[in-house]
2 protein chains.
Amino acid sequence: MTVTLADVAARAQVSPATVSRVLNGNYPVAASTRERVLRAVDELDYVLNGPASSLAAATSDLVGILVNDIADPFFGIMAAAIQSEIGGPGGRAGGERLGVVCNTGGSPERELTYLTLLQRQRAAAVVLTGGAVEDNAHASAVAAKLRKLAEAGTRVVLCGRPPAPEAAEAIALTFDNRGGGRQLTEHLIGLGHRRLGYIAGPEERTTTRHRLEGHRAALAAHGIDDDPRWTVHGRYDRRSGYETTLELLRRDPSLTAVVAANDTVALGACAALRDSGLRIPDDVSVAGFDDLPFSIDAVPALTTVRLPLSEAGARAGRIAMGREEPPPGGIATVRGELMVRGSTGAPRV
Amino acid sequence: MTVTLADVAARAQVSPATVSRVLNGNYPVAASTRERVLRAVDELDYVLNGPASSLAAATSDLVGILVNDIADPFFGIMAAAIQSEIGGPGGRAGGERLGVVCNTGGSPERELTYLTLLQRQRAAAVVLTGGAVEDNAHASAVAAKLRKLAEAGTRVVLCGRPPAPEAAEAIALTFDNRGGGRQLTEHLIGLGHRRLGYIAGPEERTTTRHRLEGHRAALAAHGIDDDPRWTVHGRYDRRSGYETTLELLRRDPSLTAVVAANDTVALGACAALRDSGLRIPDDVSVAGFDDLPFSIDAVPALTTVRLPLSEAGARAGRIAMGREEPPPGGIATVRGELMVRGSTGAPRV
DNA sequence: CTGTTAGCGCGTTCAC
DNA sequence: GTGAACGCGCTAACAG
């Protein structure tokens, strides 16, 4: 049979309450007693019963991390950073918290399902990463969920996601996608480009919209034409980048630059251009977003906007653990940094 | 205050037990009653208390997925596939299980910690992915943990990991790293290569050892020299691939091929070769392993061994859920497939 | 098909 | 500094 706290108590010749106290370390216990208890724990190979403990304490050691696509390093890097701040001491019972990542696959339903599941588990905290779907019904549903979670004592942190106006309890670390997008396009404009293709991400997503808005703001600021044919939407993957680039070239072969929604898409774009016999950046410049590790290895290396994914994730993790003060007002904007590399150059004349 | 099952029962004018039954769906309940209960659940916005439920039932809906590096698509892809099979119906209470991925970062201690945490939570199942560390002490510790978990009713599945002899309860879906490594090197030998550099993964890891053994078996089978200078160990990342390739070139500039431990490392190798003024494959051929999505986009496209990560992950997920029969003997070997692409060719003469 | 009765294993008041 | 007693919210036998 499975060993319980009572067994440990019997072996250590103390009461169950005492065992509980040394395990949780939240109460003064005589050193000798503590040692005796720990020895018993060790000898019996006792493992605390999480559910029982959570039930009695009305809170658990679980911390949920929601990501849109776990196979995408963008999320993997953030998730790793968040989890690394959660694993450490700080929780109840031995000081170990269980940071777990949940893959929504970008689906609003799964996002809600996971939130409900975490709510059911009485999670200590929840971190939502990446862009949100811009559907009003869904946004309200999520906001309502977040409010309930917060009410129940679950800390809610958004990382790389815009603040949720309807759920003000949620701390938000937002990426400045708009500013980054603008910087990037201004860089290209500065090089002399006037005919810029733009591969946007999936519609109805905040990240997509903000990056695109930044791009357009740059164009507008310089009085540059924004031909609707030059913008096309796709998924955040390489194949989509490949296909949409071919589409852009079909629509207007005279484009001199292609700006992609993210680095992965940009790589697909590069492949499509090469396969079309175009040189980068001599014939067409290409730019990405995020500065994922592989971007510097592309040939030529990718001009992009670096987002401090690890730093932001770590900070979100610490806030979720209550180890760092939330930013004033509950909202902080994290800026990107333009990384100019070989994939962009002056347009051909 | 938080709504409890009793509140729902009162509102629906039934007993708590009945509510529990409709929620778990494991017991016959009259349609009209069920509907009344569900309505009450909805009206009260009731969410089951997971810990309480797990305590009473002595099992939880949690399924843990352990990965070595969540930022590496190799693991991301497997984790996504596993999780997708877990999310669906099949669990208790509404049929939803909570599939969660835990990032060990390749650290044996964290691996054990996570296993303990999952044990504490009375997880329904645990899936361990990727290679294991080959340290005897650690291996025994993990095996002991797995045995305990299995005893407590947790299903244990290894995915892309060799069987654990000391924990025979664990179902294993193993990748044929040895066979894949051998095929790959034989392909190069067939092209005429006789001086082959090999960038192995971190020492003391099963994956590293098996792939290297396959490589050496191919060399031996063809009576080819295996100069110790031609093998070097590194991490499973791109930077390591870059640096170790430079090291290989330093040791012997006459190498005509470089075989990398995985695709990521191979990309680093390609960059190092290019930066050294060598053409691929004209001067040096390069091969990887895994066939991650980006490999086909490298220039030239990478010759590699495709591992069916998604399929294997999905299968592991189904087995963990008890929805698919484990393989006979509890062990199945998953083979890789050689993908010949542009990065390998005949050696220069 | 449904209600009643006991715990599940632990945290937390209280006393001592 | 330590023990005793109670209850967290739910499920699992039993009855009926």
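Just so it is clear, the model here is predicted, and its values are computed rather than measured. FYI, side chains are in, hydrogens and waters are out, and symmetry mates aren't considered; it's all heavy atoms of this structure. Proteins get letters first, then strands, A, B, ... in listed order; numbering begins at 1 in each.
Mapped onto DNA chain C by nearest heavy atom, Pro28(B) and Ala52(A) fall at different nucleotides, with Pro28(B) at the one closer to the 5' end. Nearer to the 5' terminus of DNA chain D, by closest-nucleotide assignment, is the contact made by Ser32(A) (compared with the other of Ser32(A) and Val47(B)). Between Ala17(B) and Thr18(A), the residue anchored nearer the 5' end of DNA chain C, judged by the nucleotide with its closest heavy atom, is Ala17(B).
Nearest heavy atoms, Leu55(A) versus Ala52(B): CD1-CB, 3.6 Å.
Salt bridge present: Arg161(B) and Glu111(B) bring a charged side-chain N and a carboxylate O closer than 4.0 Å.
Between Ser53(B) and dT11(D) there is a side-chain polar atom (N or O) within less than 4.0 angstrom of OP1 or OP2. Contact annotation: Asn49(A) does not reach the phosphate of dC8(C) (side-chain N/O to OP1 or OP2, under 4.0 Å). Taking 4.0 angstrom as the limit, Ser15(A) places a side-chain polar atom (N or O) nearer than this to OP1 or OP2 of dG3(D). Residue Ser20(A) places none of its side-chain N or O atoms closer than 4.0 Å to OP1 or OP2 of dT12(C). Note on Thr33(A): a side-chain N or O is less than 4.0 Å away from OP1 or OP2 of dT2(D).
Atom CG in Asp7(B) sits about 12 Å away from atom P in dC8(D), given to the nearest Å. For Asn24(B) and dA12(D), the CG to P distance is 7 Å, given to the nearest whole Å. Nucleotide dT2(C) holds its P atom 14 Å from the CD atom of Gln13(B), rounded to whole Å. When the P atom of dG7(D) is taken as reference, atom CG of Leu55(A) falls 14 Å away, rounded to whole Å. Atom CD in Gln121(B) sits roughly 13 Å away from atom P in dC10(C) (whole-Å rounding). Look at CZ on Arg34(A): it is 12 Å from C1' on dG1(D), rounded to the nearest Å. Straight-line distance from the CZ atom of Arg122(A) to the P atom of dG9(D): 8 Å, rounded to whole Å. In this entry the distance linking CG of Leu48(B) with P of dT11(D) reads 5 Å, nearest Å.
Residues of residues 38-46 of chain A that place a heavy atom closer than 4.0 Å to DNA chain C, in numerical order, are Tyr46(A).
Among the protein residues, Leu5(B) comes within range of the sugar-phosphate backbone only, with heavy atoms under 4.0 Å from sugar or phosphate atoms but none that close to a base. Nucleic acid contact for Val19(A): none, since no nucleic acid atom lies under 4.0 Å from a heavy atom of the residue.
The backbone N or O of Pro16(A) lies less than 3.5 Å from no partner atom in the side chain of Ser20(A), so there is not a single donor-acceptor pair. Here the side chain of Thr116(A) pairs a donor or acceptor atom with the backbone of Leu112(A) at under 3.5 angstrom.
For the 3.5 Å distance criterion, the side chains of Thr104(B) and Ser107(B) fail to qualify, holding no donor opposite an acceptor.
A donor and an acceptor atom sit less than 3.5 Å apart, one in the side chain of Arg21(B) and one in the base of dG3(C).
Listed by first and then second residue, the salt bridge (charged side-chain N to carboxylate O under 4.0 Å, His left out) pairs involving residues 12-27 of chain A amount to none (not counting sequence neighbours). Residue pairs meeting the salt bridge (charged side-chain N to carboxylate O under 4.0 Å, His left out) criterion with at least one member in residues 38-55 of chain A, sequence neighbours excluded, are Arg11(A)-Glu43(A), Asp45(A)-Lys148(B).
You'll find that the side chain of Thr4(B) is closest to dG9(D), out of dG9(D), dG1(D), dC1(C). Among dG3(D), dC8(D), dT11(D), the nucleotide with an atom closest to any side-chain atom of Val14(A) is dG3(D).
The number of heavy atoms from other shown groups lying within 6.0 Å of CD (Gln13(A)) does not exceed 12.
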